[in-house]
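Given the structure is predicted, the values throughout are model-derived calculations rather than measurements. Atoms within each ligand, like the ligands themselves, are counted from 1 in listed order.
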Amino acid sequence: MSPASPVLRLEYLSASRVALQSDDWLDNVLGIACFGSGSSASVPAAIPFAQVDMPPLDGVESVCEVWHCSEPLRSGTRGAIRYRQGETVLYGILNRDEDSTQAGRSPLQNAAEAAYQEIFDLLESEGYSAVLRFWNYFPDINRETHGMERYRQFNVGRQDAFLAHGRSVIDNVPAACALGSASGALTVAFMAVRADVVGLENPRQLSAFRYPSQYGPRSPTFSRAGLLRLGGRDMLFISGTASIVGHQSLHDRDAAAQTRESMNNIAAIVEAANRQAPEARFNLADLCYKVYVRHPEDAAAVRQELERFVGSPVLAIHLRADVCRTELLVEIEASGGHPTQFQ
Ligand code: 3EB
């Protein structure tokens with residue numbers, strides 16, 4: 001049985017190409033995250049948009065990640081959030097400056113908590129029961145301020161918002177990533193659905209929500225992947241995945257080996273997804289990858305290892321970003337089950 005027309009579609013294109021698109025094209029756009037340090041794409045205010053200072057390492061100046069949806073869409077704003085929604089999908093983006101001070105809490109912790117509270121408020125009032133994916137970007141992720149590394153500050157604020165909304169912080173939490181940009185505000189993009197999402201864990205890795213306290217006072221609140229069925233199709237959203245086995249980082253100073261270990265982890269998540277949804281037959285060669293690389297000089301080796309591992313041409317973009325542990329040189333996210341277009 002051939003599946004119905006896909007609800008979600010992913011497209012990657014440059015900011016200058018985005019500027020050339022017609023209104024018809026924009027009608028079906030859920031939102032756009034544009035990566036690069038140049039000036040941002042000009043996009044109508046009704047389209048959720050963020051410019052993220054993470055330069056592409058693929059020889060282009062910018063790359064825009066565009067989510068399309070086949071459902072009739074309408075736009076809205078709530079506080080700092082710009083969102084766009086269809087019958088089953090809601091995508092939103094929010095930028096939040098780190099400008100609020102409060103005794104005992106860092107501005108980033110405050111910004112993260114406020115951002116997530118605002119998102120949960122929106123999803124509760126609009127009735128989207130599950131978050132499929134969060135993308136978190138903020139500068140200086142490895143820098144220590146207020147006596148704590150900024151990634152750890154973020155984890156405290158994020159978890160507090162989950163708890164404030166009575167949401168579980170273990171098991172079946174949303175898939176996510178958290179990367180360091182070169183500049184800018186805290187940016188959170190998210191995709192939520194009126195559907196059941198199954199959170200997947202990786203047997204090779206301790207669940208992040210159970211990381212021991214050596215990684216910070218609060219464990220990160222994310223699952224290794226989110227699996228769902230939408231419009232008759234199984235879709236898989238794999239969280240940022242690094243060279244971590246158990247809870248330990250492996251292959252210090254070796255970006256190629258870290259890439260292989262990250263892919264071993266992604267392969268294990270794909271296996272877990274196929275156990276859960278056997279008909280989906282997710283396959284490494286059919287996924288679309290977004291690769292975050294700490295040092296630009298590692299990009300060629302990382303790209304080569306990824307292609308070797310997958311064993312066929314790979315749909316991938318590579319971005320310059322900081323990973324949330326200083327020893328990690330690469331992080332890879334992936335998704336599958338939706339059409340993807342590169343141009
Ligand atoms: C890891 O496995 C690497 O804090 O949202 C990956 C995916 C990572 C998501 C997050 C962090 C996050 O711990 C880092």
Side-chain angles (χ1 to χ4, degrees), residues 33 52 54 94 108-109 111-113 115-116 119 131-142 148-162 167-181 186-191 199-226 236-252 255 258-259 261-269 272 289-294 319 321-335:
V52 181
M54 289 185 180
L94 149 170
L108 176 61
Q109 178 188 338
E113 181 174 353
Y116 273 79
I119 292 167
V131 181
L132 183 50
R133 186 66 161 85
F134 283 113
W135 291 265
N136 302 291
Y137 303 115
F138 54 95
D140 298 316
I141 193 169
N142 301 126
M148 204 191 294
E149 187 194 33
R150 279 166 54 81
Y151 174 58
R152 299 175 180 205
Q153 298 171 22
F154 168 81
N155 276 317
V156 178
R158 171 171 60 178
Q159 190 179 92
D160 276 340
F162 272 77
R167 292 177 179 245
S168 174
V169 294
I170 56 161
D171 299 332
N172 218 41
V173 289
C177 62
L179 281 304
S181 54
L186 167 67
T187 299
V188 182
F190 57 99
M191 180 95 74
L200 300 178
E201 294 302 312
N202 179 352
R204 303 181 82 241
Q205 296 186 300
L206 184 67
S207 294
F209 48 76
R210 300 196 197 282
Y211 281 169
S213 59
Q214 73 193 81
Y215 301 103
R218 302 290 188 83
S219 304
T221 307
F222 72 94
S223 67
R224 299 300 179 185
L236 179 62
F237 284 73
I238 298 179
S239 289
T241 304
S243 178
I244 295 173
V245 174
H247 59 75
Q248 253 134 10
S249 308
L250 297 186
H251 314 298
D252 207 26
Q258 290 196 14
T259 304
E261 202 68 69
S262 303
M263 290 306 297
N264 285 331
N265 281 328
I266 287 185
I269 296 166
Y289 297 87
K290 191 160 147 205
V291 184
Y292 303 95
V293 181
R294 185 184 289 277
L319 303 175
D322 293 326
V323 186
C324 66
R325 297 183 188 177
T326 51
E327 69 276 15
L328 292 175
L329 304 176
V330 58
E331 184 172 310
I332 306 175
E333 63 184 54
S335 61

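- Protein residues having a heavy atom under 4.0 Å from any atom of ligand 1 are Tyr151, Arg158, Ala176, Cys177, Ala178, Tyr211, Pro220, Phe222, Arg224, Gly240, Ile244, Cys324, Glu331, listed by chain and number.
- Judged as a side chain to side chain contact (heavy atoms under 4.5 Å, CB included), and not counting sequence neighbours, the contacts of Gln248 are Tyr215.
- Of the inter-residue distances, the one linking Thr221 atom OG1 with Phe154 atom CZ reads 8.5 Å to the nearest 0.5 angstrom.
- Donor-acceptor pairing under 3.5 Å is recorded for the side chains of Tyr292 and Glu333.
- Side chains of Arg218 and Asn155: a donor-acceptor N/O pair is absent below 3.5 angstrom, by distance only.
- A cation-pi arrangement, defined by a distance under 6.0 Å to the six-membered ring centre and an angle within 45 degrees of its axis, is absent between Arg158 and Phe138.
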Next item on the list: Carefully, step by step, assess Glu261 and Arg204 under the rule side-chain contact (heavy atoms from CB on, under 4.5 Å).
Entry: CA-CA 10 Å; Glu261 202 68 69; Arg204 303 181 82 241; 2.7 Å; yes
